[in-house]
Colleague: 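My questions all concern the structure below.
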Amino acid sequence: MKPFDYARPGDVAEAVRVATLPGAVFLGGGTNLVDHLKLGVARPDLVVDVRTLTSREVTDTEDGGLRAGAAVTNSELAADRRVRERYPVLAQALLAGATGQLRNTATTGGNPLQRTRCVYFQDVTTPCNKREPGTGCSAIGGTTRNHAVLGASQACIATHPSDMAVALAALDACVQVLGPTGERTVPFTELHRLPGDDPSRDTVLEQGELITAMGLPPLPAARTSAYRKVRDRASYAFALVSVAAVLDVRDGVVQDVRIALGGVAHKPWRATRAEQALRGGPATPDAFAAAAAEELADARPQPGIDGGNGFKVPLVTRTLVATLRDLTAAQEG
Ligand code: SF4
């Protein structure tokens, strides 16, 4: 492990000021960063510990939404009664991630910033544009089972690993950020980047910008929402494919729908094409499958020495149909 300096500032303003220095990183729960320090994937000069600086409370907002401080743990957020009642998709996504021990440590601010589990990214002996820009992508032509089918580039075909982030994308959450130039709010769907020609940057956050809270908007339809995750093992595994969905159906007609997909792209993938296809139409399995086809029209499965990831396209369709079918049944009986 490369030696680094450690700082524990007195407040968030000082943390942001200290972390503006190149080579500085924030430490929240540390469940991803500490692994990367040990593997040599992360080689910071300075680790700025912010664990005790941001809020660890979930509060009601005046407009009927919720605000979760960045230090709220994944376990605490999943167990919050208001989250379970008003945003079950988020509680289910949180509980689908990692293990109880990790959820007790991982934070609301840190979870969406975890990095890809591409095996080449985590193996410092292999070329990887995300870890070392300009060295190439070992996954292309390598093992691609867990890689992207949407929005990838020739520079990187990695997927984003967070379950929580998929739910937040479907819920139109917003990210509160404090940086060297002040506060700003980032729509959650705009937090993560597609790889393009610079996959080293996962998000739009600049050096020194700290997530201080996550905002959940009032969304009555989200009381009927669900997260469905398909993975190789029943627990402690990342999604091959996942679906976060909010569905409002009346008299067999889709009034409102929000969908995000996990395990398919470099970012949580908001399925706007599928949503558009579904709104105002019949809530039937055929319509759900047609909407999935619409969303996947630009899918580009990757060949690979492990058989590739072409299976993800039909798997997304089946997972989306099953999720929407169950949500319809929950409302219409
Ligand atoms: Fe690196 Fe991305 Fe290629 Fe994986 S897919 S080896 S993270 S550049």
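We count ligands from 1, going down the list as the structure has it; atoms in each ligand are counted the same way. The structure displayed is predicted, hence computed values, not measured ones.
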Colleague: Which of the atoms of ligand 1 are close to Ile157, meaning less than 4.0 Å from one of its heavy atoms?
Modeller: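 Per the distance check, 5 (S).
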
Colleague: Which atoms of ligand 1 sit under 4.0 Å from any heavy atom of Cys156?
Modeller: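 With Cys156 as reference, the close atoms of ligand 1 come out as 2 (Fe), 5 (S), 8 (S).
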
Colleague: Can you name the atoms of ligand 1, numbered from 1 with element, that are less than 4.0 Å from a heavy atom of Tyr120?
Modeller: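 Close to Tyr120: 6 (S).
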
Colleague: For atom 1 (Fe) of ligand 1, which of Cys128, Ser138, Ser200, Gly136 has the closest heavy atom?
Modeller: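 Ranked by closest heavy atom to atom 1 (Fe) of ligand 1, first place is Cys128.
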
Colleague: For Tyr87 and Ser225: C-alpha separation, side-chain torsions, deciding distance, then whether side-chain hydrogen bond (donor to acceptor under 3.5 Å, both in side chains) applies.
Modeller: CA-CA 7 Å; Tyr87 310 97; Ser225 63; over 6 Å; no

Colleague: May I ask you to test the Val124-Val41 pair for a side-chain heavy-atom distance under 4.5 Å?
Modeller: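 In contact.
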
Colleague: Please list, in number order, the atoms of ligand 1 under 4.0 Å from a heavy atom of Ala155.
Modeller: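 It comes down to these atoms of ligand 1: 8 (S).
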
Colleague: Does Asp45 use its side chain to pair, donor to acceptor, with the backbone of Phe4 at less than 3.5 Å?
Modeller: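 Such a contact is absent between Asp45 side chain and Phe4 backbone.
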
Colleague: Are side-chain heavy atoms of Val257 and Arg279 found at a separation under 4.5 Å?
Modeller: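 Answer yes - side chains close enough.
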
Colleague: Would you say Lys38 has more than 12 foreign heavy atoms packed within less than 6.0 Å of its NZ?
Modeller: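 Open: at most 12 neighbouring heavy atoms sit under 6.0 Å from NZ of Lys38.
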
Colleague: Report whether any nitrogen, oxygen or sulfur of His147 sits less than 2.8 Å from atom 4 (Fe) of ligand 1 (N, O or S, backbone or side chain).
Modeller: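 Of the N, O and S atoms in His147, none lies under 2.8 Å from atom 4 (Fe) of ligand 1, which means no.
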
Colleague: Tell me, which protein residue and heavy-atom name are nearest atom 3 (Fe) of ligand 1, and how many Å apart are they?
Modeller: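 Heavy-atom neighbour on the protein nearest atom 3 (Fe) of ligand 1: Cys137 SG, 2.3 Å.
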
Colleague: Can you report which non-hydrogen protein atom sits closest to atom 4 (Fe) of ligand 1, along with the distance?
Modeller: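 Of every protein heavy atom, Cys118 SG, 2.3 Å lies nearest to atom 4 (Fe) of ligand 1.
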
Colleague: Under 4.0 Å from any heavy atom of Phe121, which atoms of ligand 1 are there?
Modeller: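 Matching atoms, with element in brackets: 7 (S).
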
Colleague: Just checking, Arg145 and Phe311: is the charged tip under 6.0 Å from the six-membered ring centre and within 45° of the axis?
Modeller: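 Judged by the rule (NZ or CZ under 6.0 Å from the ring centre, within 45° of its axis), Arg145 counts as positioned above Phe311.
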
